[in-house]
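See below for the structure under consideration.
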Amino acid sequence: MTTTFEKIGSRVIPALQATVEEYISPRTGARHIHLASDQAEKVFLVAFPTVPDVSDGRAHILEHLSLCGSQRYPVRDPFFSMMRRSTATFMNAFTYADRTVYPFSSTDSKDFYNLLDVYLDATFFPNLDYLNFLQEGWRYVLKDGKLGYQGVVFNEMKGAFNDPIRALYSGIEHTLLAGTTYEVESGGDPLVIPELTHQMLKDFHASHYHPSQAVFMTAGDISAVEVQQQIEEKVLSKLPASTAPRMLPELAAAWTEPKSNEVRIPSQTAKPDEHGVQLTWLMGESSDIDVFFNTYLLSSGLLGDSSSPVMKAMESAGFGRPSALNGQDNGPRQMIFHLGMEGLTEPQIEEARARIWAALERAAEEGVPTESLQAALRDVRYSQRDTASGRMPNALSRLLNALPISMRDGDVFLAFDNEEHLVKLEQAIADPAYFKGLVRKLLDNPTRLTTRVLPDADYFKKRDAVEEARLEERTRALTDAERARIEQESAQLEAHQQLPSNSDVLPRIRPSDVSAEPRAALPLPSPLADAGDAIVLPFEIASNGLSYLRVSYDVSGFAVEDWPWLRLWVDLVTQLGVGDMDYEDADAWRQRMAPSYDLNFDATQHPGGHLSMELWFSASGLREEHANIAQLVSRSLAEARFDEHERLAFLIDSQVQDRLNGLAQSGNRYAMLTAAAPLSVLRRFEDIVSGAASLAFQGELLELSKTPEGLAHIAGRLNALHQRVIAITPTVLAAGAGNDGEALGRLLKLPASQAAVPAVAPKLEAIALENAGLHAVSQINHCVVSYRAPMMQEDGAAALAVAAELMTNQLLHVALREKGGAYGGNAGYNGGTGTFLMASYRDPRLGETYADFDTAIDDLLTGEFSQEMLEEAIICVIKGMDKPNSPYDQVLHAWGLKRRGIDQALRQRFRTEVLTCSMDQIRTAVRTWLKNGEPSRAAFVGDVTKDVAGLKVVDLLSLAKKA
């Protein structure tokens, strides 16, 4: 079958070593953007404009429901079925404020087209079954005669509302973008979600999910024409032609003068210094490249580092701190620019606003150094070449960045290639008047909103009260017939959830389809000779014109009491002075030297319980910047300063307050670490440096920072640690194209080593909170139970890895998500920590969830599982091992394997044991390690007035002494 798509444009992108192609289907209006390259990871997405005018979550619930069965794949949950039948490196769906996107990626061509088939049918021809609407969206439930709400999205959004910044952002948009889709909560407000009916949802799909509205995007080593043929055959040929105009989000009405509003945000205690102020402007359409880059320059010039005018004004105020909601925001159709401060008392709000405004006036008069703007444009070129992947493939990130421009009728080629515009900007910023003019235009812009931010300790109580009042009113009006209908629908849904998932119609990848051998790790090179006081390993990689440097110090010999201080050192040192530069000058210098630099502190657990720890400093940039990269790392390590006590006090206060304000958002991580810390020294380490166990240190640190003597103690402790660290002989990873790694490594001038690498610390006993219910005010819970397990090097590891996937796929997903209403539920085995866990995420339940955990173990031991189910679990383990890495990520992977003592033979043994795993082996491992093991429970508990399932309530604020 030939394609009716017509190519309307093509452009070679040298920085990406790729070609962008744009196509359109004249009959339907569907568009296809293809990023052709030799990348092994093949990426697809289809997107639709979704522009709701109410906060009932229809776009979000439709995203969930579309993946719950379709015409050609009438399976109860084809999305989750394909997650275990596919070697996909990424599968998901996202609801944004004005669009919904369905992306996936795979390295296997057969798998790619399998997924393409399923995704096309799911989005264009979903069944939108009523029972799935009750499960995924919302429903009434009767428990002990009392009416309540249940539903996956309903509970997901209760968890999303934990974030104070989300509440602030929503409050700003409600006024700034009134009359547009951005005024409403696209994910759904749990107080409004129950207004949505099944028919409303079906009507929304019919009006929004049509080829005339669709944008298809692909990337990688695949044929655009072959993808188009699939789209033609499976979608376009089955739907009528349409001349419907493409839906666009509305534009906000123009303002003639600035406005103001107040926004309340959730707070644990609503302390007097939790107020804030935000100044927000509309800047023009975000698909306009001039608007985009002018706002980017404003953000970089005004906020880019501590010497930037507005950032300097906020950090040196002597009160408060810069808001987490600062800078450029191109999420909506109209670009937004934010400036604000938080951590204020109410009387300080006006002073903070005036301080920000005065800084803008000065910037309009004096400008900023041209070098800072040049560095900002350099960073754009760096990002164009960067091939690293984060939580999603690099190519998918690029498509998602380009997508809104395409959907808003902008020039999509400029989203991938803006070099010509960068050259023009470089010429423009050479004249200081250019940036001054941008600031003056901002000051004169009448579409400005000033927001007073008010903390509200009763934020969730008020929402709970509204919900309870509505339920009570509904209960009073409930007729016998309605009560019977609710009970009948609950029974029908439960029966529906009990049905076996008939996945036979779905394609799948079998264990025999994947390689029996693990992907070879990058070999470690021989160290450079004559490299001074360092072990320099030069790597030759396909770097796309970038070079990388990482200096690692083995700090395994440091005592447990040093760990939180080492973490603090990592958090602060890149925000302090260097040599003869104070922190402002040093921050500007760092920005000029390299586009990317980072410090971190992590650890590796070895069989037997020994822990090795590594502290590292890394930087990367364009290959032309070798001298700058080397100088940045060399001077940062050799000349670090800790004598700026006022700066230390500000940074510590900001860090601690951010931690305390984010207790509810971090609840899931805290619970996971607390549950595993008694079983694993690595998890204990992580708990001490960044989990609930670290909160006591944070509180003590804040108290110390309030006195000159305390600050002197902090500075002395950090300086002493720094001297101990740089006295260790480091290992340097230097990577780049050709001989670039070696050349960069030789430029490095590090402090002279004075000590050998410390010996591995003795085995540590893991001690932590037990059976804890970690509490901060919230509307949801996160439940975790953890068990000791073998490490990857030990017998039984592969069987437990497969068991975790089998338990997730066949037991916990149904029990926790479908029936229990939690947003997520899973089991997980970690061979690096020697732990096995079961967890729920954004869970409305507590005791019932722990009962489900116990039942899952028993069911795995006694239940019947088909060979297909077992093979699906095996594939899930394998695809986690086979996820491709970018060239530099391969360097880090190779170094990580060496640190963990994992060679190719061990990787081969583990893979073979996974591929040949049997149910008998799984049951033996589960009985040994789980059924006969000692569970360690911990949960994040949002409401302690309800049953806490025997957990010992621990108030997270009290751990930090309510700092």
Side-chain angles (χ1 to χ4, degrees), residues 1-10 20-36 43-52 58-59 62-63 65-67 70-73 93-96 98-104 112-113 115-128 181 201-219 222-249 287 333 399-400 402-413 415:
M1 180 180 180
T2 58
T3 175
T4 61
F5 279 84
E6 296 178 359
K7 182 184 283 189
I8 58 175
S10 178
V20 178
E21 302 165 354
E22 184 175 16
Y23 301 84
I24 193 167
S25 166
R27 191 179 75 87
T28 65
R31 279 187 284 181
H32 178 206
I33 311 299
H34 180 54
L35 182 63
V43 178
F44 169 87
L45 68 80
V46 59
F48 306 91
T50 45
V51 286
R58 58 186 61 188
L62 178 57
E63 171 218 310
L65 218 59
S66 294
L67 300 170
S70 59
Q71 288 183 13
R72 294 182 56 242
Y73 299 107
F94 306 119
T95 299
Y96 296 86
D98 58 9
R99 60 195 182 277
T100 302
V101 189
Y102 298 85
F104 70 81
F112 176 86
Y113 285 105
L115 288 166
L116 176 63
D117 201 15
V118 173
Y119 264 61
L120 291 176
D121 207 56
T123 51
F124 288 96
F125 308 107
N127 290 335
L128 303 182
T181 192
L201 187 90
K202 294 169 71 174
D203 293 343
F204 192 76
H205 179 271
S207 62
H208 287 73
Y209 281 47
H210 186 274
S212 63
Q213 306 300 316
V215 175
F216 301 96
M217 286 185 153
T218 48
I222 49 176
S223 164
V225 172
E226 288 183 15
V227 173
Q228 291 163 12
Q229 288 173 340
Q230 291 288 317
I231 296 171
E232 287 275 6
E233 178 185 350
K234 303 298 173 59
V235 177
L236 304 188
S237 65
K238 299 180 179 181
L239 293 171
S242 174
T243 57
R246 186 172 303 280
M247 294 181 182
L248 283 172
S287 59
R333 181 180 174 185
L399 295 185
L400 289 173
L403 176 63
I405 295 175
S406 176
M407 298 190 79
R408 297 165 187 164
D409 294 328
D411 185 342
V412 72
F413 294 109

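Residue numbers count from 1 along this sequence.
There is no side-chain donor-acceptor pair under 3.5 Å between His208 and Thr50.
Side chain of His34 to backbone of Ile222: a donor-acceptor contact under 3.5 angstrom is found. Proximity of a side-chain donor or acceptor of Ser237 to a complementary backbone N or O of Glu232 within less than 3.5 Å is detected. Checking side-chain atoms of Gln213 against main-chain N and O of Pro245 turns up a donor-acceptor pair under 3.5 Å.
By the salt bridge (Lys or Arg N to Asp or Glu O under 4.0 Å) test, Arg99 pairs with no residue at all, sequence neighbours left out. For Tyr23, the ring-ring contact (aromatic ring centres under 6.0 Å, His included) partners at least two apart in sequence or on another chain are His32. Under the side-chain contact (heavy atoms from CB on, under 4.5 Å) criterion, Ala47 pairs with Leu45, Val101, Leu403, Met407, not counting sequence neighbours. With sequence neighbours excluded, the residues satisfying side-chain contact (heavy atoms from CB on, under 4.5 Å) with Ala241 are Arg27. Scanning for side chain to side chain donor-acceptor pair (under 3.5 Å) contacts around Thr181 gives an empty result, with sequence neighbours left out. By the salt bridge (Lys or Arg N to Asp or Glu O under 4.0 Å) test, Arg408 pairs with Asp98, sequence neighbours left out. Considering only residues two or more places apart in sequence or on other chains, Arg72 meets the salt bridge (Lys or Arg N to Asp or Glu O under 4.0 Å) condition with Asp117. For Tyr209, the side chain to side chain donor-acceptor pair (under 3.5 Å) partners two or more places apart in sequence, or in a different chain, are Tyr102. Applying the ring-ring contact (aromatic ring centres under 6.0 Å, His included) criterion to Phe44, with sequence neighbours excluded, gives Phe104. The salt bridge (Lys or Arg N to Asp or Glu O under 4.0 Å) check on Asp409 picks up Arg31, with sequence neighbours excluded. Residues forming a side chain to side chain donor-acceptor pair (under 3.5 Å) with Ser287 (at least two apart in sequence, or on another chain): none. Partners of Arg333 under the side chain to side chain donor-acceptor pair (under 3.5 Å) rule, at least two apart in sequence or in another chain, are Glu285.
Between Leu62 and Leu128, some side-chain heavy-atom pair lies under the 4.5 Å cut-off. Side-chain contact check for Pro126 versus Leu65: every heavy-atom pair is 4.5 Å or farther apart. A 4.5 Å side-chain heavy-atom check between Ile33 and Phe216 finds every atom pair outside the cut-off. Pro103 is listed as a side-chain neighbour of Phe94, based on a closest heavy-atom distance under 4.5 Å.
Residues Phe5 and Gln228 approach most closely at CB-OE1, 3.3 Å, considering heavy atoms. Asp121 and Tyr73 get closest at one heavy-atom pair: OD2-N, 3.6 Å. Across all non-hydrogen atoms, the minimal contact from Ser25 to Thr4 is OG-OG1, 4.2 Å. Nearest heavy-atom pair across Arg58 and Leu201 is O-CD1, 3.4 Å. Nearest approach of Glu21 to Ala36, heavy atoms of both residues: OE2-CB, 4.3 Å. Scanning both residues, Ala214 and Arg246, for their nearest heavy atoms gives O-NH1, 3.7 Å.
Taken from CG in Leu399 to OG in Ser406, the straight-line distance is 10.5 Å, to the nearest 0.5 Å. Put simply, CE on Met247 and OG on Ser212 are 7.5 Å apart, with the number rounded to the nearest 0.5 Å.
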### Task
Before giving the answer on side-chain hydrogen bond (donor to acceptor under 3.5 Å, both in side chains), spell out for Thr95 and Glu63 the whole-Å C-alpha distance, their side-chain angles and the decisive distance to 0.1 Å.
CA-CA 7 Å; Thr95 299; Glu63 171 218 310; 2.5 Å; yes
#### Entry: Audit row: Ser66, Thr123, side-chain hydrogen bond (donor to acceptor under 3.5 Å, both in side chains) steps and yes/no
CA-CA 6 Å; Ser66 294; Thr123 51; over 6 Å; no
### Query
Can you list the steps and then say if Phe124 with Phe48 is a side-chain contact (heavy atoms from CB on, under 4.5 Å)?
CA-CA 10 Å; Phe124 288 96; Phe48 306 91; 3.7 Å; yes
